[in-house]
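This report concerns only the one structure given below.
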Amino acid sequence: MSKRISLSIFLAIICAFSALMLFACGNEKLPESISFTRQEVEIFKGGSTYLDLEVLPVDANGFSLVWSSSNDKVASVKRNGQVSAKEYGSAVISCAVKGTDLVANCNVSVTDGRVYKVYVDQSNVKTAYYAGQTFDPTGLIVWARYESGVDKRLASDEYQIEVPQPLSEGDNAVIKCSNKAFTIELEVLPDVATGIVVSTPPSKVEYFIGQAFDPSGMQVSLVYASGKTQPVSGFDCQAVMFGTSNNTVEISYGQFKTTLTVTVKAKKTVYSFGQLQQTIDQAEVGDSIMLSGRHENVDTVFVPLEKQLTLVGGFDSVCTITPKTGASVFVITGSEQGGGSVTIANFELVAPAGHTQPLVSLGSLSGEKISGGDVTLSNIDFELFGAGIGVMAEDNFENVNLYIQDCSFTKIEGAANQQNSAVNLSGFYNGKICVQGCEINIGGNGLNLSSCDGVEVALKGCDIQSDAVAVNFGNIVWGLITIDGCTIKGDRALSAADCDRCMWSVAQTAFVGAQTCEIQSGVIELRGCNDNVLDVVGGELSNNNQSSGGVVAALVLISDSEDRPSSSNTVNIISSTISFTGSGEKYQVFDSSSKVIES
């Protein structure tokens, strides 16, 4: 009985299911069309989204959908329509109704979205310019930040640079990408001229001593702050006659100056001292002669003023000469007919033991007056022994000019009787004596000048140290004496005896008296002088706090000499540093008509 009931129930279930299936099959309704609500979709890499599918009619049923991607490497899709972005690019996502021709397509792009910020690494970008230059993008690194949050370095063709060319003051550079911009602030300065340069050298750059500069073919250019150059005309060249120590030309344009260096050489070269006299005798007027090497135990060479010669002992190195004991090295000769010139430069003259002659002397072989002429001694080292003399001129010189420049005078240590003198001059009338840039360290008097009338004397930039009188003047009449920028130190720094109607102008000079003598003395002293005016401006006066035999030197002493009284002298001490130690008066005047005024 129970078996029958179970079977009936089973059959009833089967019948009910069959009826239901027949009912369902009778109501199946397939879609007539399908489409995506978006035909274009942008997805950030690594993201995903669902595609919405519109099925018509809305009551369609009983169908299956098939999803696919044209490029699974770019974008893949699941059965529920979820699309995942894998790599940058594009793919077509398709959805088809199984068993029909109905298909919907959606174009999917995998990107980072739009650019919403541009920024620049400008650490290696030039941002300082001068007006007229162009912006240099070298080293520029541009980055873009996208909506996805990804930062990318942009290639040069992915951004634009907007900048005025050429640059002016206030200009900046703007970097643009997808309407986003970044401004690079620039410093644009005025491109002003800062100097001049010789852009093309002259046709002639090699000269003999005594030749004049020729600027033909030379081009000068303005140099600007940016480094650019611009040729100019109308520049000025210094008129120069090349000598033994000047091989440069000054060129100017407006406020700017520059120099041009050329090659200067002697017209003739002598390697043997024995050939020098013959070469001088055979030389033409204005010739230059170079003597090189080292020469010892030599005889005197005579150099006539009228030949206007230049003797040079080398350019890059000096020539060393030691004379015989009783000889000078150079004797410069002149005559009453006058005129001419001699220049001697770049030598080292070394006195031998027992030498008492001047190393260089100026005079007349016949004893007659020498009228006119210029003598220049430049860059010569004088090494003196015992009672030797560096330069001596004792004769009758009228309108003769002597220039001693950049020379040194030193005593040879260890020699007995160190009474050597650097320069001994006398007998000059209406000429000029200029000692400039010299160093003197001597046992006797440094500079002796005597028996001169109407002479102009200039000491400039010299350092003179003497164990006796550093600068000694005697019997000078109507002298015009200038001392500027010197250091003068001696037992007495400056001594003048029997000098009348001289005008002394001293500026920025230090006078220091060592004061080892026992007689009453002064750092500056006038003995037996009349109608002198001595102005000392700036500089220093010091008695160095030394004395001997109980005598303290005055800073200034005006007294009678052994032969004559002093009168009507005025010494003005103006804005000078005074250093006086010891008892006594710093200014000692033994003549009622003379005075020292300190201000």
Side-chain angles (χ1 to χ4, degrees), residues 243-245 266 269-277 279-280 288-304 309-333 342-363 375-394 402-415 417-425 435-448 462-464 466:
T244 59
S245 58
T269 301
V270 177
Y271 299 97
S272 168
F273 195 88
Q275 298 175 346
L276 182 58
Q277 187 66 68
T279 303
I280 291 171
S288 53
I289 303 170
M290 184 175 76
L291 176 68
S292 62
R294 185 180 184 91
H295 309 274
E296 297 182 353
N297 198 33
V298 301
D299 290 314
T300 301
V301 168
F302 296 90
V303 187
L309 299 178
T310 297
L311 303 184
V312 58
F315 290 100
D316 297 328
S317 59
V318 299
C319 172
T320 302
I321 302 175
T322 301
K324 292 180 178 179
T325 302
S328 297
V329 177
F330 298 112
V331 173
I332 301 168
T333 63
V342 166
T343 296
I344 301 176
N346 301 354
F347 285 96
E348 182 182 48
L349 306 183
V350 181
H355 188 264
T356 58
Q357 297 298 312
L359 292 172
V360 176
S361 67
L362 172 63
V375 176
T376 300
L377 306 177
S378 178
N379 194 32
I380 301 176
D381 295 334
F382 295 86
E383 297 185 20
L384 306 176
F385 189 93
I389 300 171
V391 179
M392 186 174 73
E394 293 183 340
L402 174 62
Y403 304 94
I404 303 176
Q405 303 168 347
D406 302 318
C407 295
S408 66
F409 300 82
T410 57
K411 55 189 175 185
I412 298 176
E413 297 297 338
N417 188 25
Q418 288 280 22
Q419 295 301 311
N420 35 47
S421 294
V423 180
N424 277 358
L425 308 175
V435 182
Q436 182 171 356
C438 293
E439 294 184 5
I440 299 174
N441 187 350
I442 239 44
N445 294 346
L447 172 63
N448 279 324
C462 295
D463 186 350
I464 303 174
S466 166

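Model, not experiment: these values are computed from the prediction.
- Between the side chains of Asp406 and Asn379, no donor N or O sits under 3.5 Å from an acceptor N or O.
- Atom OG1 of residue Thr376 and atom CG of residue Leu402 lie 8.0 Å apart, to the nearest 0.5 angstrom.
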Check against side-chain hydrogen bond (donor to acceptor under 3.5 Å, both in side chains), Ser408 and Asp381 | CA-CA 5 Å; Ser408 66; Asp381 295 334; 2.7 Å; yes

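- Note that the CD atom of Glu394 and the CG atom of Leu362 stand 11.0 Å from one another [nearest 0.5 Å].
- Between Phe409 and Phe382, the ring planes lie parallel to each other; the angle is under 30°, not in the 30° to 60° tilted range.
- Proximity of a side-chain donor or acceptor of Ser466 to a complementary backbone N or O of Gly444 within less than 3.5 Å is detected.
- Atom CG of Asn424 is separated from atom CD1 of Ile389 by 4.5 Å, given to the nearest 0.5 angstrom.
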- Are Leu384 and Leu359 close enough, and set up right, to give a side chain to side chain contact (heavy atoms under 4.5 Å, CB included), and what steps lead you there? CA-CA 8 Å; Leu384 306 176; Leu359 292 172; 3.6 Å; yes

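- Heavy-atom minimum distance, Cys319 versus Ser292: SG-C, 4.1 Å.
- Of all heavy-atom pairs spanning Ala422 and Ile442, the tightest one is N-CG1, 3.9 Å.
- Looking at Glu348 and Thr320, their side chains do bring a donor and an acceptor atom within 3.5 Å of each other.
- Between His355 and Ala327 the shortest heavy-atom distance is NE2-O, 2.7 Å.
- Closest non-hydrogen pair, Phe273 versus Asp299, comes out as CE2-O, 3.3 Å.
- Thr333 and Pro304 get closest at one heavy-atom pair: OG1-CA, 3.4 Å.
- Within a 6.0 Å sphere centred on CD of Gln277, heavy atoms belonging to other residues, nucleotides or ligands number more than 12.
- Looking at heavy atoms from C-beta onward, Ile332 lies in side-chain contact with Ile344 at the 4.5 angstrom threshold.
- When every heavy atom of Pro323 is checked against every heavy atom of Val350, the shortest pair comes out as CD-O, 3.2 Å.
- Note: Ile404 CD1 to Leu377 CG = 5.5 Å, rounded to the nearest 0.5 Å.
- Looking at Leu291, Asn346, Ile280, Val270 one by one, the single match for side-chain contact (heavy atoms from CB on, under 4.5 Å) with Leu311 turns out to be Ile280.
- At least one donor-acceptor pair under 3.5 Å links the side chain of Ser328 to the backbone N or O of Pro358.
- How far CG of Leu276 is from CE of Met290: 12.0 Å, rounded to the nearest 0.5 Å.
- Between Ile321 and Val298 the shortest side-chain heavy-atom distance falls below 4.5 Å.
- Note that SG of Cys462 and CD of Glu439 are 9.5 Å apart. Values are rounded to the nearest 0.5 Å.
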